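As structure tokens, the structure follows; a few thoughts come after it.
Throughout, residue positions are numbered sequentially from 1 according to the sequence presented. Since we're looking at a predicted model, the values are computed, not measured. One-based numbering, in listed order, for ligands and for the atoms of each.
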Amino acid sequence: MQVVILESAEEIGRHAADIILPGVVSGAISVLGVATGSSPLPVYRALQERWVPELTGLTVFALDEYVGLPPSHPESYHAVIDREVTKPLRLDPARVHVPDGNAADPPQAGPDYERKIAEAGGVDLQILGIGGTGHIGFNEPTSSLSSRTRVKTLTPETRRDNARFFPSPDDVPLHCVTQGLGTIMDARRVLLVAQGEGKAHAVAQAVEGPLSSMCPGSVLQLHPDATILLDEAAASELTLTDYYRFVFDNRPDWQR
Ligand code: GLP
């Protein structure tokens, strides 16, 4: 796991773009996993600012979707991904996939999504945020560390956190379809971004805490190629910050 502490959200966006764009241009990244939430927005902005035509060839998979919101609802993740990712990066909408939160047979939405990911050859790089409960995607605490895409129930805390996007807290859906932790772990590289003090505890648990389904993000400790980009506030509860900075400052040329 590589932990990089940067000065601002903008710098996190630039650093992420430095990782993603060469892969897109070389063809090493042809399937990109994207996340919703405010944390990855600086990444999408940086990609937009440094737009390259190869971005239009990407196949994209979102992590999750609310159950029961029509895709036209402005807070459905279909709509959010369209607004924040597909349009600004001029992606081909036919290649942008979001789990179906309105499937006639909800339990089937998970396996259907898994099949699409497999048919695309798997995710080359997955962008992640982290929720206050330590969730990645919508895998709330006690999610199986080997779970696959399925319907989950949101915790009251996550519903409260996401209430800011809805007219009233009761409007936040109770259920979602989310890629599982096992699905996320299959991505060849993962890039988690977090900013602000509100994420400090979840980040510390995920990076330095025990491997536990109580903090689903801790599963990334098992990933062979996980990069964690943090601002100072999100890194404030980590104990090895001096070491992470030392590693970053002394990274070999081939890693720059
Ligand atoms: C939602 C999404 C997650 C995201 C989390 C954090 O719950 N399902 O993928 O990481 O929110 O959101 P934010 O980045 O806005 O704090």
Side-chain angles (χ1 to χ4, degrees), residues 8-10 12-13 16 32-46 60-69 73-85 97-101 109-110 113 123 125-141 143 147 149-166 169 171-181 183-185 187 190-207 215-220 226-231 233-236:
S8 63
E10 291 69 32
I12 289 175
L32 182 69
V34 295
T36 51
S38 38
S39 310
L41 294 180
V43 180
Y44 305 140
R45 300 233 166 86
V60 169
F61 287 92
L63 282 170
D64 45 19
E65 176 59 291
Y66 291 113
V67 167
L69 287 190
H73 188 290
E75 294 309 327
S76 77
Y77 285 171
H78 273 84
V80 172
I81 294 294
D82 190 58
R83 193 165 64 232
E84 306 291 358
V85 182
H97 306 280
V98 180
D100 184 357
Y113 202 61
V123 172
L125 184 142
Q126 176 65 56
I127 299 169
L128 295 170
I130 187 165
T133 64
H135 69 231
I136 53 176
F138 263 140
N139 293 281
E140 296 285 27
S143 287
S147 47
T149 307
R150 72 235 181 273
V151 174
K152 285 292 285 180
T153 305
L154 300 176
T155 59
E157 184 179 345
T158 296
R159 291 185 73 232
R160 266 196 307 276
D161 286 349
N162 290 3
R164 66 191 195 276
F165 299 113
F166 291 85
D171 293 325
V172 182
L174 285 165
H175 300 108
C176 61
V177 181
T178 180
Q179 283 191 31
L181 294 172
T183 320
I184 292 169
M185 288 291 286
V190 296
L191 187 60
L192 185 144
V193 294
Q195 307 95 359
E197 219 182 320
K199 297 296 172 66
H201 183 68
V203 165
Q205 287 297 305
V207 173
C215 177
S218 68
V219 74
L220 299 180
T227 303
I228 316 291
L229 304 183
L230 307 171
D231 68 3
S236 61

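- Scanning all protein heavy atoms for the shortest distance to atom 16 (O) of ligand 1 gives K199 NZ, 2.5 Å.
- The distance from ligand 1 to the heavy atoms of Y77 drops below 4.0 Å at these ligand atoms: 1 (C), 2 (C), 8 (N).
- Residue Q179 comes nearest to N139 through the heavy atom pair O-ND2, 2.8 Å, listed as atom of the first residue, atom of the second, then distance.
- Inspection of the T133 and E157 side chains reveals no N or O donor paired with an N or O acceptor under 3.5 Å.
- Among protein heavy atoms, atom 14 (O) of ligand 1 sits closest to S39 OG, 2.4 Å.
- When the heavy atoms of G137, A194, A202, G129 are ranked by distance to atom 9 (O) of ligand 1, first place goes to G137.
- Remark: ligand 1 and T158 share no N or O pair separated by less than 3.5 Å (distance only, no angle test).
- Residue F138 has at least one heavy-atom neighbour below 4.0 Å for each of these atoms of ligand 1: 1 (C), 7 (O), 8 (N).
- Side-chain atoms of S143 and R150 form a donor-acceptor pair, as typed in the model, at a separation below 3.5 Å.
- Heavy-atom separations between R164 and ligand 1 include at least one value shorter than 4.0 Å.
- For ligand 1 and G37, the ligand atoms under 4.0 Å from any heavy atom of the residue are 12 (O), 13 (P), 14 (O), 15 (O).
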*Passes ring pair (Phe, Tyr, Trp, His ring centres under 6.0 Å), F166 versus Y66? Steps please.*
CA-CA 13 Å; F166 291 85; Y66 291 113; 5.7 Å; yes
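- Nearest to atom 4 (C) of ligand 1 by heavy-atom distance, out of D64, L154, T36, is T36.
- Between Q205 and S218, the side chains place no donor N or O within less than 3.5 Å of an acceptor N or O (distance only, hydrogens not considered).
- Within the 3.5 Å criterion, the main-chain N or O of H97 finds a donor-acceptor partner in the side chain of Y113.
- If you check which protein heavy atom lies closest to atom 11 (O) of ligand 1, you get H135 NE2, 3.9 Å.
- Interface atoms of ligand 1 facing N162, defined by a heavy-atom separation under 4.0 Å, are 1 (C), 7 (O).
- With K152 contributing its side chain and F138 its backbone, the two residues share no donor-acceptor pair below 3.5 Å.
- In terms of protein heavy-atom proximity, atom 6 (C) of ligand 1 is nearest to I130 O, 3.7 Å.
- Of the listed residues (D64, T155, T158), just one forms a side chain to side chain donor-acceptor pair (under 3.5 Å) with H135, and that residue is T158.
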